[in-house]
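The structure appears right after this line, and notes come after that.
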Amino acid sequence: MSDNDNLPAMRHSLAHITAAAVQRLWPEAKFGVGPVVKDGFYYDIDIPNVTISTDDFAKIETEMRKIIEEKQTFERSEKPVDEAISWAQDAKQPYKEELLNDLKRSGTTVAKDLNADELGTIAEGDGTIENVSFYTNGDFTDLCRGPHVGNTGEVGEFKLLRVAGAYWRGKETNPQMQRLYGVAFDTKEELTRYLELQQQAKERDHRKLGKELDLFVTSELVGSGLPMFTPRGTVLREELSRYSNELRQQIGYEKVWIPHITKTALYEKSGHQAKFGDELFLVKSQETSDEFVLKPMNCPHHTRIYASKPRSYRDLPVRYLETTTVYRDEKTGELGGLSRVRSITQDDSHVFCRQDQIEDEITKLLAAANDIYKAVDMNLRVRLSYRDEGDGYLGDPELWKVAQDQLKNAVQANNLEYFEVEGEAAFYGPKIDFMATDALEREHQLATVQLDFVQPDRFELEYVSEDGTKQTPVMIHSALLGSIERFLSVYIEHTGGKFPIWLAPEQLRVIQVKDSPELDSFVDILVASAKENGVRVVVDRSNESVGKKIRAAEVLKVPYSLVIGEKELETGQLTPRVRKDLAVEGREDSSYKSDELIGSIANEARSRVQKSSL
RNA sequence: GCCGCCUUAGCUCAGCUGGUUAGAGCAACUGUUUUGUAAACAGUAGGUCCCCGGUUCGAAUCCGGGAGGCGGCUCCA
């Protein structure tokens with residue numbers, strides 16, 4: 001963030017200087033686009049038979065600094081499009097030539113259905129463009145819309161960060177170029193701060209913390225994108241899922257259970273066969289000729305439970321919930337940590353209701369979402385996705401209109417911050433997406449509520465209405481956390497592994513100072529009482545110094561640790577050590593009788609509080 | 001799937017351009033120590049240098065293929 005209006009021009013100029021430096025080093029380089037992005041810039045470059053690596057950055061940066069020191073003036077010039085095209089041909093810049101041809105044809109380089117920012121627009125227009133602009137510094141000339149700063153000396157502080165493959169103009173079928181990323185700021189201080197923030201993000205990377213806190217593991221033998229959860233990680237999963245379930249059970253949802261495979265016939269009926277196509281894991285039966293697949297979603301199964309008996313309008317809404325795992329065969333290059341996996345556990349639910357019940361159902365769901373995001377201390381705002389005038393949508397347009405109004409009413413009833421987008425709806429119904437903001441101010445889309453006018457139809461779901469006619473219910477898909485794995489990937493980084501008491505895999509660690517029969521039994525009684533009260537407690541009786549045992553508890557970010565020795569044995573007063581972020585400021589360490597202490601911790605765990613009361 | 005980088009002990013990492021028995025810290029184990037709020041001391045054990053193939057007198061090191069990880073692209077939402 002900077003209030004300097006010059007920053008974009010500065011970054012744009014740096015992209016240009018990057019290209020100039022690359023051309024000095026590799027004269028045969030072909031250039032693509034070099035736009036400004038968040039915090040910096042990039043330039044797409046194709047050098048025949050050369051692969052730039054991070055080892056080359058020093059060399060490129062040195063060259064860039066030379067150009068900067070020379071304070072070369074950026075001179076803007078214009079050429080008619082046709083002249084520009086012959087310039088590109090002479091300069092052997094085929095990518096620029098392609099861009100110019102687009103400019104000539106349509107007045108813009110923005111290919112239809114491609115995103116302007118991604119492409120790095122060099123000009124926009126209404127099809128009447130005649131001249132295109134160039135910027136020249138020293139002996140380097142580049143097609144560019146600008147703006148640039150006055151000369152190469154005015155570009156602030158920068159650093160090349162990484163190089164990655166990127167398809168020319170974002171299309172998979174196009175050749176792949178090398179994208180050089182850099183960051184740039186006005187001052188050295190800002191650059192340093194940015195790099196420090198990056199470092200911080202790296203420190204709380206959920207993959208690193210997952211290992212350090214012993215939460216989840218992977219195995220080459222099991223496969224990519226198939227994480228397994230340790231006892232500690234499983235506590236997190238189950239506590240989150242339990243809360244999500246409780247919140248929905250309070251508003252009338254019932255738990256159901258479905259198997260993880262199905263005959264493909266189910267998805268032929270639902271129409272998902274085509275959509276999920278190559279993402280389906282196939283399961284071969286050796287006993288029958290049936291073809292099975294692992295379920296990539298749960299709704300079709302749930303419709304079978306709904307359809308298992310006749311339903312009256314009095315029975316609606318019928319609400320099912322289930323935390324269950326789906327399997328999607330994602331492309332291997334897209335997998336990473338817990339954020340993209342192939343076994344995805346959803347806190348999924350489906351409502352079958354009448355049209356006039358939609359608003360009420362959504363209102364309740366949003367309230368539940370509010371509760372759970374409050375409990376995990378994340379800010380929420382929502383995106384309402386409506387249909388547009390296009391004809392790719394299924395279902396009665398009148399129904400869409402009514403439903404969209406009901407969604408909006410429900411969002412307003414919950415006082416949620418929201419924005420509306422037309423044309424972002426799914427083909428089968430409008431939806432609400434939840435955007436949660438984490439501690440590093442990154443926004444993540446975690447959960448959605450979606451209306452569905454199509455599957456009830458496909459599956460011939462019905463209920464008998466008041467007048468005895470058969471009607472089709474509306475389906476509402478929702479998940480509060482979305483995928484538990486993805487949620488955890490965000491949440492581990494949000495908290496930096498410092499989980500609130502109700503979620504902490506280990507809530508209390510008892511550190512015994514030395515061995516003696518009296519102390520042993522004192523600690524045994526304490527621990528038994530903690531366990532009886534549902535507190536997750538671990539005892540450390542190892543033959544190590546007290547300091548070291550405390551350190552071990554700190555490293556695991558255990559909320560409470562308790563040193564027990566002669567002193568406690570004599571007085572019966574226990575003084576817990578409270579994890580720093582949980583402690584209420586200004587409160588002195590105080591001591592408690594053991595029943596009192598265990599009782600408080602147990603209460604905190606049950607009430608899902610964020611701060612310690614001890 | 002595509003482009004690039006990476007893979008050495010349970011973990012974090014050394015190991016120069018191919019050259020003896022591949023190292024360290026932490027963790028583990030054993031012994032001494034019985035400890036008071038973020039790391040006692042000593043010792044022991046631990047390796048198919050990711051896997052398969054090739055080049056070479058000789059491969060952790062070079063080449064090819066595969067697996068896994070990471071950064072992007074494309075997807076996904």
Side-chain angles (χ1 to χ4, degrees), chain A residues 32 37 42 44-46 50-56 114-115 118 161-181 202 205 207-208 210-212 214 217-226 275-279 296 328-337 339-342 344 383 385 424-426 431-435 443-448 450 479 482-483 486 509 511-516 519 540-558 561-569 575-580 589:
Chain A
V37 293
Y42 70 77
D44 281 348
I45 298 167
D46 180 13
V50 173
T51 306
I52 295 177
S53 82
T54 43
D55 299 338
D56 299 317
L114 285 175
N115 182 326
E118 290 298 317
L161 271 198
R162 62 176 75 98
V163 56
Y167 297 108
W168 167 235
R169 313 190 83 181
K171 279 185 76 172
E172 207 171 347
T173 46
N174 279 344
Q176 199 152 26
M177 308 186 70
Q178 300 181 67
R179 179 168 296 178
L180 279 171
Y181 281 95
K202 214 172 160 185
D205 186 306
R207 292 164 294 207
K208 179 167 138 67
K211 207 172 269 179
E212 285 171 9
D214 190 20
V217 299
T218 54
S219 160
E220 266 183 47
L221 291 175
V222 174
S224 183
L226 298 168
K275 177 169 157 45
F276 275 93
D278 52 4
E279 270 190 26
R328 296 181 190 171
D329 196 0
E330 308 271 0
K331 291 171 179 169
T332 53
E334 294 165 354
L335 299 168
S339 33
R340 277 299 276 281
V341 292
R342 295 197 286 187
I344 307 158
R383 177 174 69 195
S385 300
E424 282 292 304
K431 60 179 181 175
I432 302 179
D433 293 315
F434 297 66
M435 328 284 283
E443 203 169 53
H444 307 270
Q445 193 205 310
L446 294 170
T448 63
Q450 303 196 0
S483 124
R486 176 178 289 194
R509 173 160 298 204
I511 294 165
Q512 191 171 323
V513 176
K514 60 177 191 177
D515 297 331
S516 81
L519 260 183
D540 187 350
R541 284 183 160 125
S542 62
N543 179 16
E544 299 288 351
S545 67
V546 171
K548 187 161 180 174
K549 290 198 257 197
I550 284 170
R551 182 182 145 77
E554 288 280 345
V555 166
L556 284 172
K557 305 186 187 349
V558 178
S561 40
L562 204 47
V563 177
I564 305 286
E566 296 293 345
K567 204 172 77 193
E568 287 73 20
L569 192 57
T575 308
R577 191 184 157 96
V578 182
R579 202 179 66 207
K580 279 201 194 76
D589 286 353

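Chain letters run A, B, ... following the sequence lines, proteins first and then strands; every chain starts at 1.
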Confirm from the modelled atom types if [X] and [N] form a donor-acceptor pair under 3.5 Å, side chain to base only.
X: A:Tyr167; N: B:rG1; answer: yes
X: A:Arg340; N: B:rC75; answer: yes
X: A:Asn543; N: B:rU32; answer: yes

Say we look at [N] and [M]: how far apart would their [atom1] atoms be, to the nearest angstrom?
N: B:rA42; M: B:rG64; atom1: C1'; result: 49 Å
N: B:rU8; M: B:rC75; atom1: P; result: 34 Å
N: B:rG58; M: B:rG71; atom1: P; result: 40 Å
N: B:rC6; M: B:rA14; atom1: P; result: 12 Å
N: B:rG65; M: B:rG1; atom1: P; result: 15 Å
N: B:rC73; M: B:rA38; atom1: C1'; result: 44 Å
N: B:rU30; M: B:rG18; atom1: P; result: 44 Å
N: B:rA60; M: B:rG19; atom1: P; result: 9 Å

Report yes if a side-chain nitrogen or oxygen of [X] is closer than 4.0 Å to either non-bridging phosphate oxygen (OP1 or OP2) of [N]; otherwise report no.
X: A:Arg207; N: B:rC70; value: yes
X: A:Lys514; N: B:rU35; value: yes
X: A:Lys548; N: B:rC41; value: no
X: A:Ser545; N: B:rU35; value: no
X: A:Ser224; N: B:rA67; value: no

How about [X] and [Y]: do any of their side-chain heavy atoms sit closer than 4.5 Å?
X: A:Thr448; Y: A:Ile432; answer: no
X: A:Val341; Y: A:Leu226; answer: no
X: A:Asp329; Y: A:Arg342; answer: yes
X: A:Lys208; Y: A:Lys202; answer: no
X: A:Arg509; Y: A:Leu556; answer: yes

What is the distance, to the nearest angstrom, from the [atom1] atom on [X] to the [atom2] atom on [N]?
X: A:Phe434; N: B:rA77; atom1: CZ; atom2: C1'; answer: 14 Å
X: A:Arg342; N: B:rC75; atom1: CZ; atom2: C1'; answer: 15 Å
X: A:Glu279; N: B:rA77; atom1: CD; atom2: C1'; answer: 12 Å
X: A:Met177; N: B:rC73; atom1: CE; atom2: C1'; answer: 13 Å
X: A:Glu544; N: B:rG36; atom1: CD; atom2: P; answer: 14 Å
X: A:Gln450; N: B:rA77; atom1: CD; atom2: P; answer: 9 Å
X: A:Asp46; N: B:rC73; atom1: CG; atom2: C1'; answer: 14 Å
X: A:Leu335; N: B:rU74; atom1: CG; atom2: P; answer: 17 Å

Test side chain to side chain contact (heavy atoms under 4.5 Å, CB included) on A:Leu562 and A:Ile511 and set out the steps.
CA-CA 6 Å; A:Leu562 204 47; A:Ile511 294 165; over 6 Å; no
Nearest listed nucleotide, side chain of [X], among [options]:
X: A:Ile550; options: B:rA38, B:rC76, B:rU34; value: B:rA38
X: A:Val563; options: B:rU34, B:rU37, B:rG68; value: B:rU37
X: A:Arg551; options: B:rU37, B:rC73, B:rA39; value: B:rA39
X: A:Gln445; options: B:rA77, B:rA39, B:rA38; value: B:rA77

Start at the 5' end of RNA chain B and walk down; is the nucleotide closest to A:Gly547 or to A:Ser542 reached first?
A:Ser542
5′-ward residue of the pair A:Val513/A:Glu330 relative to RNA chain B:
A:Val513
Heavy atoms only, 4.0 Å cut-off, all strands: where does [X] land among base, sugar-phosphate and nothing?
X: A:Glu568; answer: base
X: A:Glu566; answer: base
X: A:Gly337; answer: sugar-phosphate
X: A:Val546; answer: sugar-phosphate

Which helical stems does RNA chain B take part in, if a stem means at least 3 consecutive Watson-Crick or G-U pairs with both distances below 3.5 Å?
B:1-7 with B:67-73, B:10-13 with B:23-26, B:28-32 with B:40-44, B:50-54 with B:62-66
Between A:Lys514 and A:Glu566, does any side-chain N to carboxylate O distance fall below 4.0 Å?
yes
Is any NZ, NE, NH1 or NH2 atom of the basic residue among A:Arg577 and A:Glu554 found under 4.0 Å from an Asp or Glu carboxylate oxygen of the other?
yes
Approximate separation, where rounding is to 0.5 Å, of A:Arg486 CZ and A:Gln445 CD
7.5 Å
What is the distance from atom CD1 of A:Ile564 to atom CZ of A:Arg541, rounded to the nearest 0.5 Å?
10.5 Å
Looking only at heavy atoms, which two atoms of A:Arg179 and A:Asp44 are closest? And how far apart?
NE-OD1, 2.7 Å
Check A:Lys549 against A:Gln512 and note the closest heavy-atom contact, atom names and distance.
NZ-O, 2.9 Å
Could you run down the sub-3.5 Å N/O contacts of the protein with nucleotides 7-14 of chain B?
unit_1: B:rU12; atom_1: OP1; unit_2: A:Lys211; atom_2: NZ; d: 3.2

